[in-house]
Structure formats: structure tokens, C-alpha cells
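Some notes on the structure that comes next.
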Amino acid sequence: MIDISIYRRRRALLAARMQSGIAIVPTAPERTRNRDSHYPYRFDSYFYYLTGFREPEAVLVVIAGAQPRSILLCRDKDPEREVWDGFRHGPAAAQERFGFDEAHSINSLGALLPDLLANQPTLFGHLGADSAWDARMIGWLNEVRARVRTGVAAPREIEDLHAPLDEMRLIKDAEEIAVMRRAAGISADAHRRAMRATRPGRAEYEIEAELLHEFRRCGAQAPAYTSIVAGGANACVLHYVQNDGVLADGDLLLIDAGCELDGYASDITRTIPVNGKFSGAQKEVYQLVLAAQAAAIAAVGPGGTWQQPHEAAVRVLAQGFIDLGLLSGSLDQIIETEAYRKFYMHRTGHWLGLDVHDAGDYKHDGQWRTLQPGMVLTVEPGCYIRAGEGVPEKFAGTGIRIEDDVLVTPSGHEVLTSAAPKSVADIEDWMRSRHE
Ligand code: GLY
Ligand code: MN
Ligand code: MN
């Protein structure tokens, strides 16, 4: 059962932040994959955040002011289409079930929008994501402008709808945190399952199948992003998604996979030994990345800045690169010149929520923003050592990343994904319990 008060509250907050004017929020279009096959449908994150409504072909209109109103436009009931494609709420049931002030057929969008835009001072929309949608918005605006001689005023200002919504989405409310905790738990279970399925001779896609199996078995609708299952040197390709290599005895396996549950992403990376036991050289690099992650996680808390976990990770990694003989020079110089980027070329995390790389600015007025309770971020340092000049043979082709999802709490932080084994001992113990 959907708790409509959550979505009502979010729409009321949006209206309050708009102060006046009208917001138009379309959901995502259905997309063709090839000929008449479609990609699995995924609603737009902003639209879903404000409605909880998952059907395609829907638009939300929010009118701010003394008496804010929210209006849904959605598909009509259509018994014949419903035989083929499944249930549709239709406007009347959608209004009731999702708590809108009004609901209409999506077919009346073109007729209704110019009337709703009339005499509104500001239009909140998002231009540039979909040119066909942009053209429709401009068309409705021009229709209102054409009526000026009848005494109607067209909106004079167009504001980016995402600005107020991004700030709202950045701070997760209790309902969102509850879903994200469940998503994180399912993904941790999927990693545990993948670890138990890993052994030399298996294909990367067989391990990917274990992840997907666990996601769906637990009710998650989809992976939140394409799973990375990268054996050996494939782990040095940051966005490796081919997943068709064969796992070799003595190699590591990097798995970056997380499910999407009820719209919310989780995002976990673990790096494990294919044969269940880290070699000495692998352990050296692994312990370094783990220490960098611990330092970064320790830097997550209210009042700290977005940048501090990254700086903490970089400091540990850079010193480690010196100690392992991968880089030479002073620590300060390696940080200053960013020489560490040869082995650690990405940032330490991103916001997480409805989108895996979630909404929200990282800087405010040129300053890294301050962490606040309710923010959720990933902490994912790594080390990628490609074979090459100056790289000790024993480290060549080693790619390691360790990634967890971290909630900022009033007293510090909570690691949402801690059920996925992470220390050398925990991973080896868990893998030892594999059935052959
Ligand atoms: N899996 C996407 C990321 O880690 O950012
Ligand atoms: Mn990530
Ligand atoms: Mn990831």
C-alpha cells in the first residue's frame, strides 16, 4: 500500500520552495530497443519522487501559491490495451490512490496546459533533456503569449525545476532511508552469493547471473546500473561490462553491482580472490585500499565537507604507492602534482539515491558542501595497476576497488552495506564455506 502522505508532503514542500508559479514534471518516455521491443520501462526519478506513480505517459503539474494544487495527467483506462499491456489506473483511480487534487487524461495535456500556464509568473521546468518535450513546452508558452490581447499574461520567467528538487532529493527522508537500507541489504546478499559462486574456470557472466538472481529473488526490480564483473586485469578497465572472460586461478575478481529497489539504487564493489585466498602481493594492495576506505569513511560525518573523505583516501593511497614502490617522491609532492592519478584516477564517491549518481550539487558558491544528516554517498577508493614501465611484475594487472554506501547520521555515519564481507579474513572465511 502506498503511503500517499509522503508524496503529498514532497509536493507541498516543492510548492513552498517555488513560492509562486507552475511546475511541469513529465515522467520518462518509453524507449524502443529494436523494432517493436522496448527497454524495460523506468519512470523519471524526479517525477517518481513527487508522485510514487510508475506508469509511463504521465505528467505532474504543481501550482504554487496560497492554495497549492497538484494535478496528474495519465493514461485513460483502456480495457482492450490492458488485456495486452496490463493494468492502468486511469485518472479517477490515480487521483484517489495517489492523493492528487485533480487528475485528467494525458490526451488533454495540450488543451489544458496553456490554460494552466496563463497568468502564472514563473514556469518551473527542465529544458535540454528531451528536445521533443522542450518543443512542446515552448509551444504551450507560445499559445499563452498569443492570447495576451485577451488580457492573459504568459510566464515571464523560466526557472530550472531541478534546482529546488535536487536540494530536496539530497537529504533523504525516513521513508527513503528505509528503502535504501533494504536495497543495500539485498545487494550485500548478492555479493555474498557471488563470492560463494566464484572459482577458477567460471565465466564472469556466470557470476553476474548470481547477482541478478539474488536481486530478483529478493524483489528488487532491476540492477541499478550494469554490473561490472571483472577478472584479473579486466578490473583495470573502470567501466568494464563485457563480463565474458574466464576467471583464472590466482587472479582477483572485482565485482561492482547493486540493485534498484522501488526506485532506489545501491552500489557495492568488492574485490575477491578467484581461488578464495589472497596472494601476498594481492594482500598488500588490498590492505592499502581497505585502509584508504576506512580513512575516507571515518571522515564522513555532519559538519565535514564533501571533499574530506576524498582527501583522506588520497593521502593513504599516495603514501601506499610510495611504500609499495609504485611511485617515488615526497607524499606532499605526489598529492600536489596528482601523480597518484596514475593508479587512482577517479573520485572517492558520489551521492546515491533514486539515481546511482544521484541529484545534488557537490559545491555551493565555489565551496565543497558540508555533509548533513540524511545525505547518502558512496565511498569507493581503488587502485588500478596496469602493466608498464616501473611497475613491479607482482602488481601488474591488479585492479582493486572497495565501495560501500554510507548514510550521514546526526552523530556520524552508518555504513548501509556492511553485510558484504570486506576484510581479508572475512572474505576468505566466507569463500571457504563454498560448496563445490
Ligand atoms: N557503479 C557505479 C559507480 O560505482 O559509480
Ligand atoms: Mn559508485
Ligand atoms: Mn559502483
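Counting starts at 1 for both ligands and their atoms, in listed order.
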Min N/O separation Glu403 to ligand 1 under 3.5 Å: yes

Tyr264 vs Ile177 side-chain heavy atoms within contact, under 4.5 Å: no

Metal check, the Mn ion (ligand 2) vs Glu403 N/O/S, cut-off below 2.8 Å: yes

Worked verdict on Asp405 versus Thr378 for side-chain hydrogen bond (donor to acceptor under 3.5 Å, both in side chains): CA-CA 4 Å; Asp405 304 344; Thr378 66; 5.7 Å; no

Side-chain donor-acceptor contact under 3.5 Å, His346 with Tyr384: yes

Nearest-neighbour protein heavy atom for atom 5 (O) of ligand 1, which is reported as residue plus atom name and distance: His357 NE2, 2.7 Å

Sidechain-backbone polar pair: Asp160 side chain, His126 backbone, donor-acceptor under 3.5 Å: no

The Mn ion (ligand 2) to Glu380: nearest N/O/S atom name: OE2

cation_pi(Arg54, Tyr48) dist<6.0 Å, angle<=45: no

Angle subtended at the Mn ion (ligand 2) by His350 NE2 and Asp267 OD2, rounded to 10 degrees: 90°

For atom 3 (C) of ligand 1, closest protein heavy-atom neighbour: Asp267 OD2, 3.3 Å

Pi-cation contact, Tyr362 with Arg369 (under 6.0 Å, within 45°): no

Non-hydrogen atom of Asp256 closer than 4.0 Å to ligand 1: yes

